[in-house]
Amino acid sequence: MLDDQTPSVAATSLAQADAIATQLHQRKDAWVNVSIPDRITYLRRCLDGVRAVAPEWATAACHAKGIDPASTLAGEEWFVGPTATIAGLRSLILTLETKGQPKPVRLRRDGQTIAQVFPANVMERLLWRGFVGEVWLQPEKPPTQGMVYRQKPAAGTLALVLGAGNVSSIAPLDALQKLFAEAAVVLLKMNPVNAYMGALLETAFQPLREDGFLEIVYGGAELGRHLCQHPLVDTIHITGSHHTHDAIVWGSTPDEQAQRKAASQPLTTKPITSELGCVTPVIVIPGHWSEADIAFQARHVAGMVVHNASFNCAAAKVIITAKGWAQRDVFLAQLQQELAKTPARKAYYPGAQERYQAFLERYPQAIALGQSEPPTTVPWTLIPEVPAQAGEYALTQEAFCGVLADVSLNATEASDFLSQAIAFANEQVWGNLSCTVLVDTRTQKQLGKEFEAAIAQLKYGAIGINVWSAVLFSLPVFSWGAFPGNSLQDITSGRGVVHNAFLFEHPQKSVLRAPFRIFPLPIWFARHPNLLQLAQRFTDFQAKPSWKRLLKVALASLRG
C-alpha cells in the first residue's frame, strides 16, 4: 500500500527483459576480466552516486511509508537505505584494496575457527564502544577468503537478483554481492512494493549500468517467473518469503510443490541462494536487574518490534523468558508501556492486515497497545502466555507485522533457563536467520564457559548479544544469512550469505557482543529524539571517514 506521492513505475515487458538479459549475457565474460583497480573505481563512483541521491532516496522511502521526511523518524530511512548501502560499498573498496583477503583483527582456533572482524580500527572502536564482532567459520573448513580474487573464474555468469520490498538497501547490497564477491553481472528485478527506488538506483549505479554489468527491471510475479526460467540466467538470488522461493523452485500450487518435492524434481536446477525471514526470538536470561536496566531493555526490545513498522525479517517476534524470574512481570509490563507510547506506523507492506487478523483469531488474549487507525495501521500487539509447544502458530508463522509473542519456560535460575532456551529456539521456533540474547554482566560472568557453549550451540546465522540481531545486517563485515544446512525441500530462512565483506568462503554464523547498557542511545531505539541529524551525519561519515565527521556523529548521538 503506497502513498499517493509515490510515483508509479512502468513495468518492463517480457520482450524488453529478454533484450536486457541478452545484453548482460554478452558482457559477463568482460566483467570477469575487469581488474581490481578498475573494480575499485566502479565502487568509488557508485559510492559518490549513492551519496548524491541520498536525500531524495530517504524522502522517497518516507513518502511510501507514511513518514514525514522532515521528522526525526525519517532518520530511520537514511540508515536502512543510503547509509547501509554506502557502508557496503566502502567495505568492498577496503576488501579489494587487500586483493580480496582482508586480515581479521584476530583469529582463534579452538575446535572452530573464529575471526574477530569488528571493530577494525580506532574510529570504529570509538563509535562502537564495548562492541566486539566475530565471524564463526564452519567446523572442519579452512579460513580461506576471496576465491574469485585468488582464482579467476573461467567464465562469467549472469545472476538474477529478486529484490526485497521492505528495506531499500537490500536490493543494491544483494546486487553488489553478486558483482564483487561472485564475479557475476546482475539483472536486478525490483520488488513492486518499492519499485519507486529503481530510478534512484539507476542513477546511483550508472557507472556499472553504462558499461553493461548491471541493469534493473520492473514487474510482478509474471516477470519474475519468466526471468527465473530464462535460458541466459545462470544463478538466482532472492530476499523475500519462503513461499516465493518454493513457487520458483517447486511450482505455483501446493499440490505441484508436494509432488515435485516427493519426486525431487524442481522446476529449476539453477543455483539459488536466498534470505527468507524468521520468527526472530529474543532470549532474556534471568538476572538481578535495576530499574534502569529494566527500562533500558524494555525500550530495546520495543525498538526491535517497531522498527520499519515491524516489516523486517529480523524484527522481534517472540520473547522468551523464565517463568520463575522474579522480575519477569515487571519487565513485560514496562515493555507494554514502551510499545503503547510508540506511535503506530503505516502498514505499508501488502497483506499486513490479513496476517494480523490471523493472529487475533488464534490468540484472543492478544493485547493491542497504543492508538491505531485500521486499515492504514496495525497496532503494536503483545500476545501473552503463548504455549511453548511444537507447532504453535505464533512460533511457526512469521507475522511480518507488529506482533510479539510472549513465551515463558519452566525455569528460575539462569543456567537451567539457558539450556532450555537454546534448545527451544533451535527446535521449536521457525527459522534460523537471526536471534538476540539479553544477559546482564554479572549473570554472564557467573555462567562463564556455559554461556559461551550456549552461543556455540545456537543455530542462527546472526546472533546479537545485548544488541538487536538486525544490527549485524547493517555492518557489512558480518555474514548475513541463515545457519547452514537448510535444504531446498525445507528452505526455512534460506541458503547462502550476503555482505560478508571479509569474503570468508565457509561462514557459519556471525556474533556481535555489546555492553548490557549501550551508550549513547542506539539508533534502533524507538522514539530516538535526534535520529534524523544523527543519520545524516553518519551517512557523511560513512561516505568519507574523518575525525571531523566522527566528532559530528558523536555530538549528534549525545543529543539522543
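Keep in mind that what you see is a predicted model, and the values were worked out from it rather than measured.
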_Tell me whether the rings of Trp128 and Phe131 are parallel (<30°), tilted (30 to 60°) or perpendicular (>60°)._
perpendicular

| message | Looking at Gln389, is its backbone amide N or carbonyl O close enough to the side chain of Gln428 to form a donor-acceptor pair, meaning the two atoms are under 3.5 Å apart? | response | no

### Query
Is a donor on one side and an acceptor on the other found under 3.5 Å between the side chain of Tyr460 and the backbone of Pro281?
no

Look at the rings of Tyr348 and Phe311 and say which category their plane angle falls in: under 30° parallel, 30 to 60° tilted, over 60° perpendicular. perpendicular

Taken to the nearest 0.5 Å, the spacing of Leu369 CG from Lys341 NZ works out to 12.5 Å

#### Entry: Under 3.5 Å donor-acceptor, Ser169 side chain and Val80 backbone
yes

Inset, instruction - Keeping the roles fixed (side chain from Gln327, backbone from Trp289), state whether a donor-acceptor pair exists under 3.5 Å. - result: yes

Would you say Glu413 has more than 12 foreign heavy atoms packed within less than 6.0 Å of its CD? no

_Please check this pair: side chain of Asn466 against backbone of Val439, looking for a donor-acceptor N/O pair closer than 3.5 Å._
yes

Between Val511 and the options Ile114, Ile455, Val132, the side-chain contact (heavy atoms from CB on, under 4.5 Å) test singles out Ile455

Paired with Glu76, the salt bridge (charged side-chain N to carboxylate O under 4.0 Å, His left out) test is passed by just one of Lys65, Arg345, Arg527, namely Arg345

Subject >> Under 3.5 Å: donor-acceptor pair, side chain of Ser493, backbone of Gly277 >> reply: yes

Practice prompt. Give a yes or no on this: more than 12 heavy atoms of other residues, nucleotides or ligands lie within 6.0 Å of atom CD of Glu124.
Written response: yes

With under 30° as parallel and over 60° as perpendicular, where do the rings of His300 and Trp524 fit, or are they tilted in between? tilted

Review point. Strictly under 6.0 Å, is that where the ring centroids of His499 and Phe478 end up?
Key: no

When rounded to the nearest 0.5 Å, the distance separating CZ of Phe451 from CD1 of Ile285 is 5.0 Å

### Task
May I ask you to decide if the ring planes of Trp430 and His242 are parallel, tilted or perpendicular, using 30° and 60° as cut-offs?
tilted

> Just by modelled atom types, is the Ala526 backbone N or O under 3.5 Å from a matching donor or acceptor in the Arg299 side chain?
Replying inline: yes

Exercise. Say whether, by atom type as modelled, one donor and one acceptor occur between the side chain of Thr280 and the main chain of Cys313 under 3.5 angstrom.
Key: yes

CG (Leu458) and CG (Asn432) are apart, to the nearest 0.5 Å, by 11.0 Å

Leu531 and Leu73 have their tightest heavy-atom pair at CD2-O, 4.3 Å

Is a salt bridge present between Arg517 and Asp440, judged by a nitrogen-to-oxygen distance below 4.0 Å?
no

In short, Val135 meets Val477 closest at the heavy-atom pair CG2-O, 3.9 Å

Smallest heavy-atom separation, Ala298 atom then Gln334 atom, equals CB-CG, 3.4 Å

Closest non-hydrogen contact found for Thr381 with Ala368 is OG1-CA, 3.9 Å

* Any idea how His307 and Trp468 line up, ring-wise: parallel (<30°), tilted (30 to 60°), or perpendicular (>60°)? -> perpendicular

In terms of heavy-atom contacts, Ser310 and Val305 come closest through OG-O, 2.8 Å

_Less than 3.5 Å apart, any donor N or O on the side chain of Asn486 or Thr492 sitting next to an acceptor on the other?_
yes

Rounding to 0.5 Å, atoms CZ (Phe525) and CD (Glu338) come to a distance of 9.0 Å

For Ser487 and Asp490, which I'm curious about, is there any donor-acceptor pair between the side chains at under 3.5 Å?
no

Point to revise | Residue pair Thr83 / Thr539, side-chain donor-acceptor N/O under 3.5 Å | key: yes

Practice problem: Answer yes or no: is there a donor N or O on one side and an acceptor on the other, between the side chain of Lys346 and the main chain of Ala64, under 3.5 Å? | Solution: yes

Looking only at side chains, do Ser168 and Trp57 share a donor and an acceptor under 3.5 Å apart? yes

Hey, does the side chain of Gln533 reach the backbone of Ser557 with a donor-acceptor pair shorter than 3.5 angstrom? no

Exercise. When you look at Phe424 and Phe417, which way does the ring pair (Phe, Tyr, Trp, His ring centres under 6.0 Å) test go after all the steps?
Worked result: CA-CA 10 Å; Phe424 178 74; Phe417 170 78; 9.5 Å; no

If you count heavy atoms of other groups shown closer than 6.0 angstrom to CZ of Arg559, is the number above 12?
yes

Rounding to 0.5 Å, atoms OG1 (Thr59) and CD1 (Ile67) come to a distance of 11.0 Å

All heavy atoms of Ile238 vs all of Ser241, minimum pair found to be CD1-O, 4.5 Å

(message) How about CD on Glu291, more than 12 heavy atoms from neighbouring residues, nucleotides or ligands closer than 6.0 Å, or not?
(response) no

For residues 394-402, run the donor-acceptor check on the side chains, cut-off 3.5 Å, and write out each pair with its distance to 0.1 Å, sequence neighbours left out.
from: Thr396; atom 1: OG1; to: Glu392; atom 2: O; distance (Å): 3.0
from: Thr396; atom 1: OG1; to: Tyr393; atom 2: O; distance (Å): 3.4

